[in-house]
Amino acid sequence: MEKFIIHGGRKLEGEVVVSGAKNAAVAIIPAVILSEDVCVLENIPNISDVFVLFKILHEMGAKIEVLNKSTVRIDSRFIRQPVVPYELTKYMRASYYFIGALLGRFSRASVSMPGGCDFGVRPIDQHIKAFESIGARVNLEHGMIDVYADELVGNQIYFDVVSVGATMNIMLAAVKAKGLTVIENAAKEPHIVDLANFLNSMGADVRGAGTDVIKIRGVDHMHGADYSIIPDQIEAGTYMVAAAATRGDVLVKNVIPKHLESITAKLIKCGVEVEEFDDAIRVAGVKRPQKSSLKTMPHPGFPTDMQPQMTVLLSLAEGTSIVTEGVWDNRFRYVDELRRMGASVSVDGKVAVVEGVEKLTGAPVKATDLRAGAALIIAGLAADGTTEIEDINHIERGYDDIVGKFTQLGADIRKIEIPDSQLAQAL
Ligand code: EPZ
């Protein structure tokens, strides 16, 4: 078993370079299937979710060539099998984007149901509703999602709930459907726009991404493309909050400041100094943060994927803050771990009351999911003493070289291998 060991209490200082956006990459990589050609993708983050996607593509018959640590060349001309088996999808949820991409190219797909997640139920009813709207039949049995269409025909789709995944998935399926597809109540995250830009670079006709209404006119053929993925808004935000929580001074490079507006605004409200440049942002935590309440919302609201990290900062603030989770049903599971470090947070459903304390103290904790794990790292960096974090696989799913990047900023953090305990070996 692997753990992170953190000796806290050191200010983070220096520069960190943000990698490509995980939540854009996990949709753009399956999208290459639509091209029936060769694509070169740049600024790919080195994270386990991406490695799983490449393995799936390879199993399907794609040829993948690594050109350098963040650039790959993918030839999807020889893909024949529109099937993604369980033994590959069980490692990550976003494998469901292969349904939309395979449906778009082959008019059929068979993909294992996505796993659950650590913050409540993650339904796919909106994905299914959208696929059925353009003429697909969807069958769920034996843990597989089987989708089939004689012909995909564009249609009007209105999402009952704003869903990043469902918006991405129907974009993938509709780019080669006959006629016009209009998606209303669409998600507007930066990664939605990035996928649309990638699809258009392959010859698709997608308009309105980033607004509530996306219009897609089907095309007969999509060619290859060279494309660079946008920087990761949540990775950038994570380092911004870490700088503030450790009273540090960090220049976060390779960012698109516009994507960080809600995070920047919240940090400034907490009394953190933030300075924007063209493709970088400087964050200095000059004094104890002030309390501030927040509610997570779909973009352009405060991102839910920054909620745990921000709650850690507020747990050190002067005064009491209210954090409301507006997207997921149960995204406060990490608070039990944070309490072990001295935080004073009480949770009632989707609302956390965060009473700021002077200091957190290091303790052994567990990462319950990706962003919770990142938040616990921030807590450990700010805390007095030593923090050990278990279940770090969650964190490495979505953060490229997080130990290296924090170390470069002066953190005392390292990954160690712990042999399974005698008890674990005996069981
Ligand atoms: C994406 O998940 C992200 N994951 C999540 O980030 C992020 O938290 C979420 O969007 C919201 O921004 C990826 O992009 C891989 P949703 P997704 O569909 O697409 C409900 C991270 O840390 N819903 O926008 O699964 C759902 O229950 C991860 O990087 C339905 O009811 O999220 C939720 O309450 C964690 N029916 C809300 O919509 C559906 O068919 C938003 O979910 C789909 C969703």
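The shown structure was predicted, so the numbers you read here are calculated from the model rather than taken from an experiment. As the structure lists them, so they are numbered: ligands from 1, and atoms in each ligand from 1.
- The part of Arg371 lying near ligand 1 is the side chain, judged by heavy-atom distances below 4.0 Å.
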Side chain to side chain contact (heavy atoms under 4.5 Å, CB included), that's the test. Do His191 and Val164 meet it? Break it down for me. CA-CA 9 Å; His191 27 292; Val164 167; 3.8 Å; yes
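- Of the N and O atoms on the side chains of Asn23 and Glu189, not one donor lies less than 3.5 Å from an acceptor on the other residue.
- Ligand 1 has no nitrogen or oxygen under 3.5 angstrom from a nitrogen or oxygen of Thr304.
- Listed by chain and number, the residues in a side-chain hydrogen bond (donor to acceptor under 3.5 Å, both in side chains) with Arg105 amount to none (sequence neighbours excluded).
- We find the CZ-CD1 distance between Phe98 and Ile56 to be 4.5 Å, quoted to the nearest 0.5 Å.
- Using a 4.0 Å cut-off between heavy atoms, Val327 contacts ligand 1 through both its backbone and its side chain.
- For ligand 1 and Tyr96, the ligand atoms under 4.0 Å from any heavy atom of the residue are 17 (P), 19 (O), 25 (O).
- Applying the 4.0 Å criterion to heavy atoms of Lys22 picks out, from ligand 1, the atoms 21 (C), 29 (O).
- Ala166 does not count as a contact of ligand 1, since none of its heavy atoms falls under 4.0 Å from the ligand.
- Atom 27 (O) of ligand 1 has its nearest heavy-atom neighbour, among Ala21, Gly398, Pro123, in Pro123.
- Checked for salt-bridge contact, Lys415 and Glu2 meet the test: a charged N lies under 4.0 Å from a carboxylate O.
- For Asp369, the heavy-atom gap to ligand 1 stays at 4.0 angstrom or more.
- Of the heavy atoms in Asp305, only side-chain atoms (C-beta onward) come closer than 4.0 Å to ligand 1.
- Every atom of ligand 1 is numbered from 1 in the order shown, and the set under 4.0 Å from a heavy atom of His127 is 40 (O).
- Proximity of Phe159 to ligand 1, defined as any heavy-atom pair under 4.0 Å, is not found for any part of the residue.
- Distance alone, capped at 3.5 Å, is enough to place a donor-acceptor pair between the Ser321 side chain and the Ser292 backbone.
- Distances shorter than 4.0 angstrom do not occur between any heavy atom of Arg397 and any atom of ligand 1.
- The closest side-chain donor-acceptor pair between Thr296 and Glu325 falls under 3.5 angstrom.
- Less than 4.0 angstrom separates some heavy atom of Gln126 from each of these atoms of ligand 1: 36 (N), 39 (C), 40 (O).
- Ile395 contributes atom CD1, which lies 13.5 Å from atom CD1 of Ile47 (distance to the nearest 0.5 angstrom).
- Rounded to the nearest 0.5 Å, atoms CE (Met168) and CG (Leu199) are 10.0 Å apart.
- Ligand 1 has no nitrogen or oxygen under 3.5 angstrom from a nitrogen or oxygen of Val26.
- Scanning Asp125, Val164, Asn169 for the heavy atom closest to atom 36 (N) of ligand 1 points to Asp125.
- Taking any N or O of Leu370, backbone or side chain, none lies under 3.5 Å from an N or O belonging to ligand 1.
- In summary, the atoms of ligand 1 found under 4.0 Å from a heavy atom of Gly165, numbered by their order in the structure, are 18 (O), 19 (O).
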Apply side chain to side chain donor-acceptor pair (under 3.5 Å) to Gln309 and Tyr239, showing your working. CA-CA 9 Å; Gln309 301 90 313; Tyr239 287 103; over 6 Å; no
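- When only modelled atom types and interatomic distance are considered, Ser110 and Tyr148 share no side-chain donor-acceptor pair under 3.5 Å.
- Close contacts between ligand 1 and Arg331 involve ligand atoms 8 (O), 22 (O), 35 (C) [criterion: under 4.0 Å to a heavy atom].
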